[in-house]
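Take a look at the structure below.
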Number of protein chains: 2
Amino acid sequence: MSETRSDADCAASWCTDDPWCGLTCAVDVLGHKWHPVVVHRLLARGPLGFGDLADDIGAVTNKVLSETLADLEAAGVVDRTVVDDRPVRVEYSLTDDGEALAPAIEALQDWGERYLDD
Amino acid sequence: MSETRSDADCAASWCTDDPWCGLTCAVDVLGHKWHPVVVHRLLARGPLGFGDLADDIGAVTNKVLSETLADLEAAGVVDRTVVDDRPVRVEYSLTDDGEALAPAIEALQDWGERYLDD
DNA sequence: CAGAATCCTAAATGATACTG
DNA sequence: CAGTATCATTTAGGATTCTG
C-alpha cells in the first residue's frame with residue numbers, strides 16, 4: 001500500500017543524501033529508552049497485550065509505554081490490533097519492517113554484552 | 001587494564017539483570033543524534049582530525065561534535081590522540097570496542113536504507 | 001484493561017561568540 | 001586548529017491522577 005517512503009516518513013528528515021542516512025533513520029526509530037526494548041520483547045515473545053508488555057518490561061510507566069508503542073506504530077514497526085473480547089484487549093505485534101529489525105537488535109545486544117563483560 | 005566492566009561503566013546502569021541489558025547499553029552509547037554518525041565516519045574513513053570530521057559531517061556544530069567525541073571517548077569507543085605538530089592536530093580513531101560496533105552500525109544502516117526505499 | 005491528561009525536571013541540541 | 005563558554009530552546013522521560 002505504501003509506495004516509496006518519503007523522507008518525511010523518517011524522523012531523520014534532516015538527513016537527505018548523506019551516506020549514513022539509513023543509519024540516522026534507524027537510530028531515530030530505536031534511539032530512545034524503551035523503543036528497542038519493546039521491539040526486543042516482541043521479537044522474543046511474539047504478540048503481546050499492553051499489560052503483558054508492561055509486566056514483562058517492569059520499569060516503564062504506562063504513559064511512556066503508551067507513547068513508545070504509538071511511536072513504533074507510527075513508524076510502521078508495530079501493529080496494534082483491538083481484540084474484541086470483554087474486557088477489550090489490545091494486541092501489539094511486529095510488522096514486516098519490525099521483524100526486519102531482528103539483525104540490528106541482535107548486533108546491538110551482542111556488542112553490549114561483550115562490552116559489559118570486558 | 002580494565003577488568004570486568006561494572007554496570008556503572010554503562011550508562012544503562014538502571015538495567016541490571018534483564019535479558020535486554022546489552023541492548024540498552026548499546027543504545028545508550030549510540031542513541032544520540034551524532035554519535036552513530038561519528039562512528040560511521042571513522043569506520044568508513046579511518047582516523048580523522050576534529051576539523052576533518054566536522055567538514056565531513058557538515059551539519060553539526062563544533063560544540064556538539066566536541067561533546068559527542070567526549071562521550072564516545074568516555075565510553076571507550078573512540079581514542080583521542082594529540083599529534084604534536086605546529087599547529088597542534090588532534091586525531092580521533094576507533095578503539096577495539098569501537099571497531100566492534102561495525103556489525104551493528106551496518107545492520108542499522110541496512111535496515112534504514114530498506115525502510116526508506118519501501 | 002488500556003490508556004489519556006497534567007505537571008514537572010533533566011537532558012539533548014543548537015546558535016553564537018570567544019580563546020590558547 | 002581545536003576547541004570552550006553562554007544562552008536559549010526543545011524534547012524525553014517520569015510521577016501522579018483520572019477515565020471509557
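This is a predicted model, so every value here is computed, not measured. The chains referred to below are lettered A, B, ... by the order of the sequence lines, with proteins before strands, and numbering in each begins at 1.
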Evaluate whether atom CG of B/Asp96 has more than 12 neighbouring non-hydrogen atoms of other residues, nucleotides or ligands under 6.0 angstrom away.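 Atom CG in B/Asp96 is not crowded, with 12 or fewer foreign heavy atoms closer than 6.0 Å.
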For atom [atom1] of [X] and atom [atom2] of [N], their distance in whole Å:
X       : N      : atom1 : atom2 : answer
A/Leu53 : C/dC1  : CG    : P     : 14 Å
B/Phe50 : D/dA2  : CZ    : P     : 8 Å
A/Leu72 : D/dA12 : CG    : C1'   : 14 Å
A/Tyr92 : C/dA2  : OH    : C1'   : 7 Å
A/Glu73 : C/dG3  : CD    : C1'   : 13 Å
B/Ile57 : D/dG3  : CD1   : P     : 13 Å
A/Leu65 : C/dA4  : CG    : C1'   : 14 Å
A/Leu30 : D/dA12 : CG    : P     : 15 Å

Below 3.5 Å between N/O atoms, which protein atoms pair up with nucleotides 13-20 of chain C? Just atom names and distances, please.
| unit_1 | atom_1 | unit_2 | atom_2 | d |
| --- | --- | --- | --- | --- |
| C/dT13 | OP1 | B/Lys33 | N | 2.7 |
| C/dG14 | OP1 | B/Lys33 | NZ | 2.5 |
| C/dG14 | OP2 | B/Trp34 | NE1 | 2.9 |
| C/dG14 | N7 | B/Lys63 | NZ | 3.1 |
| C/dG14 | O6 | B/Lys63 | NZ | 2.4 |

Where do [X] and [Y] come nearest, in terms of heavy atoms and distance?
X        : Y        : answer
B/Ala104 : A/Leu108 : CB-CD2, 3.8 Å
A/Pro19  : B/Gln109 : O-NE2, 2.6 Å
B/Phe50  : B/Asn62  : CZ-O, 3.6 Å

Can you figure out which of C/dG3, C/dA2, D/dA2 approaches the side chain of B/Arg89 most closely?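 Out of C/dG3, C/dA2, D/dA2, the nucleotide with an atom closest to B/Arg89's side chain is D/dA2.
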B/Val37 and A/Thr24, any side-chain heavy atoms less than 4.5 Å apart: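 Contact flag for A/Thr24/B/Val37 side chains = yes.
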A side-chain contact here means heavy atoms from C-beta on lying under 4.5 Å apart; do B/Val83 and B/Val88 qualify?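 A side-chain contact under 4.5 Å is absent here.
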